[in-house]
Amino acid sequence: MAEFEVTTPAARYPVVVERGAISRIPEFVPESCGKLFVVSTGDVWKLHGERVSDALGGGGFDVLFLPGGEENKRFAPVEELAERLVELGADRSSLIVAFGGGIVTDMAGFLAAIFMRGIPVIQIPTTLLAQVDAGVGGKTGVNLAIGKNLIGSFHQPLAVLVDPEVLPSLPEREYRAGLYEIIKAGVIAEERLFDFLVENRERVLARDQAAVEHIIAESVRLKCEVVSADEHEKGLRRILNFGHTFGHALEAETRYSRFLHGEAVAWGMRAATHLALMLGILARVPGEQILGAISSYGPIPMMAGINAKALAARMLNDKKTIQKRVHFVLPVRIGAVQVHADIPEMMVRNAMERAIDETRSAEFDEVSA
Ligand code: GLY
């Protein structure tokens with residue numbers, strides 16, 4: 001078991017990483033709390049709803065469902081759920097428990113952020129990606145067709161409960177998507193975590209309990225430290241966007257339907273690594289180590305039909321683009337990154353072309369959706 005804390009000017013809350021953490025929900029429900037609503041997807045509820053229900057004594061709450069799938073991470077389902085909350089008697093004293101993967105934690109967190117100008121939320125992420133990244137740190141929101149997460153709000157939860165007991169049922173592809181975000185954590189700030197992932201690949205892919213709990217705890221620890229230092233992404237928190245400028249463009253370009261978020265980030269980390277190599281800010285050996293680590297946890301879906309020019313155009317709609325200056329988080333060694341802007345577009349496109357070509361090579365198999 002491990003327990004971390006996020007401390008921001010506006011909030012202070014625990015992030016519990018523990019087998020059976022779901023059973024601890026009541027500890028984090030304030031006495032003054034009114035009606036309780038669990039927001040989930042049908043799939044997650046079917047698999048693990050009983051854990052939440054048991055924790056809450058079998059009743060005294062309503063469950064609301066989101067459709068699931070990145071292509072459904074839009075404003076309309078949030079509005080529908082808000083209407084439903086009113087019909088069910090929700091008011092400002094109500095509490096939302098977000099129970100699902102990153103799409104649910106983002107959307108239910110956003111619902112909590114805007115319902116009656118804000119009600120509390122407890123985050124219970126159920127995918128590896130949401131446990132190590134999306135569910136921690138208070139980022140909430142939905143996609144627009146034109147760009148990823150362009151509508152949203154920072155809304156810190158009362159608590160985050162990370163329960164590794166839900167992971168064995170996670171589909172293989174979803175599991176690997178989460179591992180890419182853990183590789184990200186290693187590259188940006190945790191060389192030892194990166195080395196662990198390289199040296200323990202078999203154990204990690206076999207979901208060895210001790211190995212998985214170690215990499216979750218290390219990633220969550222880093223995320224809590226970064227968010228505590230820079231809640232609103234004015235400085236340090238930007239490092240968490242390694243691979244994301246490229247990855248978000250890829251997700252939007254493929255209409256959020258071909259890649260899981262973590263897979264798009266994996267491809268984006270490849271493109272960012274090539275860009276850093278081209279700029280000469282990253283040496284060849286660590287560059288190859290980063291590319292090798294990402295490949296070793298592959299495959300990601302094929303890049304057929306995707307071109308670098310279209311992706312470069314997409315980047316202009318990225319949240320990280322300020323006054324038309326596209327920002328990239330680039331590795332300078334394993335465990336350290338820098339934020340760069342004003343990189344010539346041709347160079348960015350060349351880096352993407354390299355990363356696109358690699359996914360066409362034999363290194364990757366096609367992954368069915
Ligand atoms: N997923 C990046 C962040 O939370 O800042």
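Note that ligands are numbered from 1 as they come in the structure, with each ligand's atoms numbered from 1 the same way. One-based numbering along the sequence shown.
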Exercise. Without hydrogens or angle criteria, can the side chains of S169 and H48 be said to hold a donor-acceptor pair below 3.5 Å?
Worked result: yes

For this session: Check the hydrophobic clustering (I, L, V, M, F, W, Y; side-chain heavy atoms under 4.5 Å; chains of links allowed) and say if M107 and F154 are grouped together.
Result: no

For this session: May I ask you to check whether H214 and F196 place their ring centers less than 6.0 Å from one another?
Result: yes

Seminar exercise, completed: Counting heavy atoms under 4.0 Å, the part of K223 that contacts ligand 1 is side chain

For this session: Return a yes/no value for K139: is any of its N or O atoms, backbone included, closer than 3.5 angstrom to an N or O of ligand 1?
Result: yes

For this session: Please say whether more than 12 non-hydrogen atoms of neighbouring residues, nucleotides or ligands are located less than 6.0 Å from CZ in R192.
Result: no

For this session: Verify whether the ring centers belonging to Y13 and F28 lie closer than 6.0 Å.
Result: no

For this session: Just jot down the ligand 1 atoms closer than 4.0 angstrom to any heavy atom of L240, in number order.
Result: 2 (C), 3 (C), 5 (O)

For this session: Could you name the option among N149, D133, V226 that has the heavy atom nearest to atom 1 (N) of ligand 1?
Result: D133

Problem set entry | Polar proximity ligand 1 side, N241 side, N/O cut 3.5 Å exclusive | no

